[in-house]
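To start, the structure under review is shown below, and the notes come after it.
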4 protein chains.
Amino acid sequence: MPAANSQPPRVRSGNQRDEAARLAVLHAADDLLVEHGFARLTIEAIARRAGVAKQTIYRWWPSKVEILLDTLIEDSEKRFPVPVEKSTEDSIRGYFRGFARFVTRDPAGKVLLALIAEAQHNPETARSLHSRYLDPRRELERDLLTRGIEAGEVSPRLDLDATIDAVVGPVVYRALTGASVPRGLVDALFDELLKPGA
Amino acid sequence: MPAANSQPPRVRSGNQRDEAARLAVLHAADDLLVEHGFARLTIEAIARRAGVAKQTIYRWWPSKVEILLDTLIEDSEKRFPVPVEKSTEDSIRGYFRGFARFVTRDPAGKVLLALIAEAQHNPETARSLHSRYLDPRRELERDLLTRGIEAGEVSPRLDLDATIDAVVGPVVYRALTGASVPRGLVDALFDELLKPGA
Amino acid sequence: MPAANSQPPRVRSGNQRDEAARLAVLHAADDLLVEHGFARLTIEAIARRAGVAKQTIYRWWPSKVEILLDTLIEDSEKRFPVPVEKSTEDSIRGYFRGFARFVTRDPAGKVLLALIAEAQHNPETARSLHSRYLDPRRELERDLLTRGIEAGEVSPRLDLDATIDAVVGPVVYRALTGASVPRGLVDALFDELLKPGA
Amino acid sequence: MPAANSQPPRVRSGNQRDEAARLAVLHAADDLLVEHGFARLTIEAIARRAGVAKQTIYRWWPSKVEILLDTLIEDSEKRFPVPVEKSTEDSIRGYFRGFARFVTRDPAGKVLLALIAEAQHNPETARSLHSRYLDPRRELERDLLTRGIEAGEVSPRLDLDATIDAVVGPVVYRALTGASVPRGLVDALFDELLKPGA
DNA sequence: GTTTAAGCGAGACGGTACGTCAAGTCTTAAA
DNA sequence: TTTAAGACTTGACGTACCGTCTCGCTTAAAC
């Protein structure tokens with residue numbers, strides 16, 4: 001989807017929040033991150049690209065991190081939702097594969113990595129990232145595993161959180177440091193830590 | 001060791017690189033990172049704190065990342081060197097525990113986390129971090145495991161790199177996102193992935 | 001008028017150019033030139049003294065030379081305007097005397113001398129000085145003499161420009177080199193080069 | 001004469017002042033002034049160009065102004081010495097023409113203009129310029145005119161200094177501001193102010 | 001002869017100012 | 001009331017020179 005930049009000016013809505021402006025900001029942020037990296041993702045640049053005044057951004061988002069979180073939440077839900085009904089071995093394995101694909105090959109995955117990185121630099125980011133993204137998803141992931149265990153589809157060797165971290169952590173770690181993430185890594189970890197009857 | 005700031009002026013070494021200035025910069029960078037975080041770790045602040053001219057920093061380091069790498073390399077070697085002789089189960093387990101301790105409780109460990117985070121934002125950082133720190137250590141870690149396997153002290157379920165990432169990744173992932181790292185996490189992962197005869 | 005420094009903060013004008021900031025810069029530049037000379041007239045110092053951000057200066061003036069030109073144009077018009085109606089011998093002689101007084105005794109005259117000096121070092125300055133100050137005034141000065149000739153009040157021995165330079169040049173030359181400018185110099189030159197019937 | 005740069009290293013003279021280094025500095029300063037203007041005439045650049053250590057410059061010259069004065073004194077004596085024997089109308093007129101030619105067409109004349117300009121910015125420069133260059137030459141110029149008067153070759157309308165300034169000033173003024181200096185200007189001034197029997 | 005002393009190229013050092021960029025705050029005017 | 005526009009202060013960026021300093025070398029004069 002193209003940026004809203006250099007297009008016929010949007011119709012202004014006057015009194016109401018301008019949905020077009022909101023979307024233009026989200027897309028601009030997304031595009032800039034993918035195209036130029038986090039370092040050049042500045043509020044000025046987003047405003048320029050989105051054809052929006054800086055003040056409009058500051059009015060609605062407390063920081064660029066929250067902009068990214070908004071896009072991340074929407075994109076994650078589209079690209080690899082946590083299965084809420086089926087809990088077969090395959091659907092669980094598929095979910096983790098989906099996560100790895102998102103993080104390593106989907107441009108939108110860059111947003112998650114950038115936010116994790118930023119969380120280290122900035123406690124405020126860590127808090128937002130947890131409360132708005134990581135924690136709610138972790139809740140659903142725990143439910144997924146719990147249902148899988150009850151159905152005998154998986155049998156985790158460690159406690160639930162440790163198990164999820166043990167699969168997710170190595171993928172994120174390699175992605176963050178710019179190392180490749182081997183195709184079979186997730187499967188190997190799954191087999192070792194979750195596969196039933198092993 | 002305190003910063004060199006507000007102390008009697010160093011003796012100048014004339015034509016040669018000033019070792020005291022080098023150390024003052026490394027310590028200032030370290031201190032600032034721990035005290036104020038990566039965001040406020042600016043070249044100006046380092047120079048101010050170290051009592052050193054900005055130009056002196058630019059003369060010897062191409063970026064603040066390289067300053068941090070210098071301190072990280074020195075500190076890691078002191079705090080949790082990769083064992084190069086013994087390769088017992090305990091020394092290997094101890095090494096991973098040392099890593100977790102460094103990353104979660106040692107102030108110097110903040111430097112590693114900051115660099116991993118920065119590597120995501122900046123490919124140049126990723127390259128330096130690998131070539132000067134991660135890769136050389138990984139080499140030693142592989143040697144450590146190889147010797148351990150030959151001696152029957154450990155028996156990895158996955159290939160060497162995947163095994164190391166499987167232990168290190170979750171720790172780093174949790175540390176980065178500001179989550180606590182449970183005491184037993186490393187041991188649990190070790191038991192599951194490396195413990196012999198399991 | 002004192003510099004705006006260490007005063008209650010100006011009221012900000014928002015979207016419009018801040019006139020108070022503009023004046024503060026002009027006065028600061030003027031004061032610094034008179035007090036500390038051209039060498040210490042830096043953009044940083046002007047900003048500091050005016051209580052204004054450097055960026056505000058760079059936004060409105062391409063160089064410190066243009067700042068000085070702004071003050072010079074305003075001051076010259078106040079202190080020794082070119083007579084535009086009367087063209088008697090006395091008013092013409094008075095104009096040249098006014099010029100000499102401005103250059104040698106008026107603090108604001110330092111600005112003109114500094115700009116002439118800078119014009120030698122910097123062709124860009126020469127261009128601005130001519131187009132914004134010297135040339136427009138020279139036009140008026142020629143008109144003044146032309147009217148004086150027609151009225152029989154003066155009778156130049158040389159062509160118009162040469163005559164004006166012959167009066168102005170020696171004064172500037174002596175002022176620039178730090179020599180005193182004798183009281184009678186202008187009158188002597190006027191008598192020799194312009195006085196009618198000689 | 002080429003700069004000493006990028007040449008086989010000079011033979012060092014050991015204990016004695018190195019004449020080659022002295023000349024290299026003078027030529028480098030001269031060349032840089034002509035080629036790049038006063039603004040880029042820095043001590044670093046002179047040292048670089050002359051193939052000389054900064055310290056060598058600081059050892060022998062208190063400032064770059066003194067370097068320029070050294071070259072100016074040598075060049076002036078070569079290019080337009082004050083006549084010390086003949087004092088005919090033609091030799092006096094020729095001297096002033098020589099001055100105008102030096103200042104407007106000789107590259108070495110740039111040095112004089114630069115120093116006059118700098119004198120305005122810097123009282124120290126004004127002092128040196130007077131005591132080492134302007135005043136000694138003025139002495140000789142006065143002698144020249146005095147002899148010319150006694151011989152009936154010239155008859156100044158003003159006092160000696162005013163007369164000299166009245167010829168020199170306009171030329172310098174126009175040269176400084178970047179205006180052209182018309183061929184006949186000096187002659188016209190001479191005729192008006194010095195020509196006998198007028 | 002050997003020592004001493006100075007000149008030299010080289011270059012590190014603490015500084016100051018440069019001109020640019022983005023941050024986040026604020027005000028106006030139009031919709 | 002929301003928006004685009006844009007002026008404002010703040011502060012860091014990386015660079016260029018400043019003037020001081022110390023090093024290691026070379027040479028001429030003093031001993």
Side-chain angles (χ1 to χ4, degrees), chain A residues 9-18 20-21 40-48 50-60 62-64, chain B residues 9-18 20-22 39-45 47-48 50-60 62-64, chain C residues 9-18 20-22 40 42-45 47-48 51-60 62-64, chain D residues 9-18 20-22 40-48 50-60 62-64:
Chain A
R10 290 186 301 282
V11 215
R12 300 267 205 78
S13 42
N15 213 354
Q16 308 295 115
R17 171 158 189 189
D18 184 342
R40 289 176 53 190
L41 182 72
T42 65
I43 299 280
E44 307 256 347
I46 296 173
R48 219 152 37 221
V52 141
K54 270 198 301 177
Q55 188 53 40
T56 301
I57 298 182
Y58 284 111
R59 189 174 356 260
W60 298 109
S63 72
K64 68 185 177 188
Chain B
R10 289 186 300 281
V11 223
R12 299 275 200 78
S13 41
N15 210 4
Q16 310 297 118
R17 175 157 189 189
D18 185 342
R22 189 187 137 261
R40 288 176 54 191
L41 182 71
T42 64
I43 299 280
E44 305 249 356
R48 223 153 31 222
V52 139
K54 263 201 300 179
Q55 188 54 47
T56 298
I57 298 181
Y58 285 110
R59 185 165 16 242
W60 297 110
S63 72
K64 66 186 177 185
Chain C
R10 290 186 299 283
V11 224
R12 297 274 202 78
S13 41
N15 210 3
Q16 311 296 121
R17 174 159 188 187
D18 184 342
R22 187 185 139 263
R40 289 176 52 190
T42 65
I43 299 281
E44 305 251 354
R48 219 149 40 218
V52 140
K54 264 200 303 178
Q55 187 56 47
T56 298
I57 297 182
Y58 283 109
R59 184 165 16 246
W60 298 109
S63 71
K64 66 186 176 185
Chain D
R10 287 188 301 282
V11 221
R12 299 273 202 79
S13 40
N15 211 1
Q16 310 295 118
R17 173 158 190 188
D18 184 341
R22 187 185 140 264
R40 289 175 54 189
L41 182 72
T42 65
I43 298 280
E44 305 253 350
I46 297 173
R48 217 150 40 219
V52 140
K54 268 200 300 178
Q55 187 56 43
T56 300
I57 297 181
Y58 283 110
R59 184 167 12 247
W60 298 109
S63 72
K64 68 184 176 189

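Naming: A, B, ... by sequence-line order, numbering from 1 per chain.
Judged by closest nucleotide on DNA chain F, C:Ala53 is the one of B:Leu41 and C:Ala53 placed further toward the 5' end. Comparing B:Thr42 and D:Pro62 against DNA chain F, the residue whose closest nucleotide sits nearer the 5' end is B:Thr42.
One atom, CD of D:Glu44, and another, P of E:dG15, lie 18 Å apart when rounded to the nearest Å. Between D:Asn15 atom CG and E:dC8 atom P there is a gap of 10 Å when expressed in whole angstrom units. Regarding D:Asp18, its CG atom lies at a distance of 14 Å from the C1' atom of F:dC25, rounded to whole Å. Protein atom NZ of A:Lys64 is 6 Å distant from nucleotide atom P of E:dA23, rounded to whole Å. Rounding to whole angstrom units, CD1 of residue D:Ile57 and C1' of F:dT20 are separated by 15 Å. In this structure, the CD1 atom of D:Ile43 is 19 Å from the P atom of E:dG11, given to the nearest Å. If you measure from atom CD of D:Gln16 to atom P of F:dC25, you get 22 Å, rounded to the nearest angstrom.
Of all nucleotides listed (E:dA17, E:dG19, F:dC18), E:dG19 comes nearest to the side chain of C:Tyr58. In the set E:dC8, E:dA12, E:dA10, the nucleotide with an atom closest to the side chain of D:Gln55 is E:dA10. You'll find that the side chain of B:Arg17 is closest to E:dC13, out of F:dT15, E:dC18, E:dC13. Among the nucleotides F:dT10, F:dT20, E:dA23, the one closest to the side chain of D:Lys54 is F:dT20.
Under 4.0 angstrom from either OP1 or OP2 of F:dA7 there lies no side-chain N or O belonging to C:Trp60. The shortest distance between the side-chain N/O atoms of C:Arg40 and the OP1/OP2 oxygens of E:dT16 is not below 4.0 Å. Distances shorter than 4.0 Å separate some side-chain N or O of B:Thr56 from OP1 or OP2 on E:dG14. Applying the 4.0 Å criterion to OP1 and OP2 of E:dC13, one finds that B:Arg59 has a side-chain N or O inside that range.
No cation-pi contact links C:Arg22 to C:Trp60, judged by a cut-off of 6.0 Å to the six-membered ring centre and 45° from its axis.
In this structure, A:Arg40 places its CZ atom where only 12 or fewer heavy-atom neighbours from other residues, nucleotides or ligands lie under 6.0 Å away.
Nearest heavy-atom pair across D:Ala47 and D:Ala53 is CB-C, 4.4 Å.
Residues C:Lys54 and C:Ile57 are not in side-chain contact: their nearest non-hydrogen atoms beyond the backbone lie 4.5 Å or more apart.
Going from atom OG1 of A:Thr42 over to atom NZ of A:Lys64 covers 7.0 Å, rounded to the nearest 0.5 Å.
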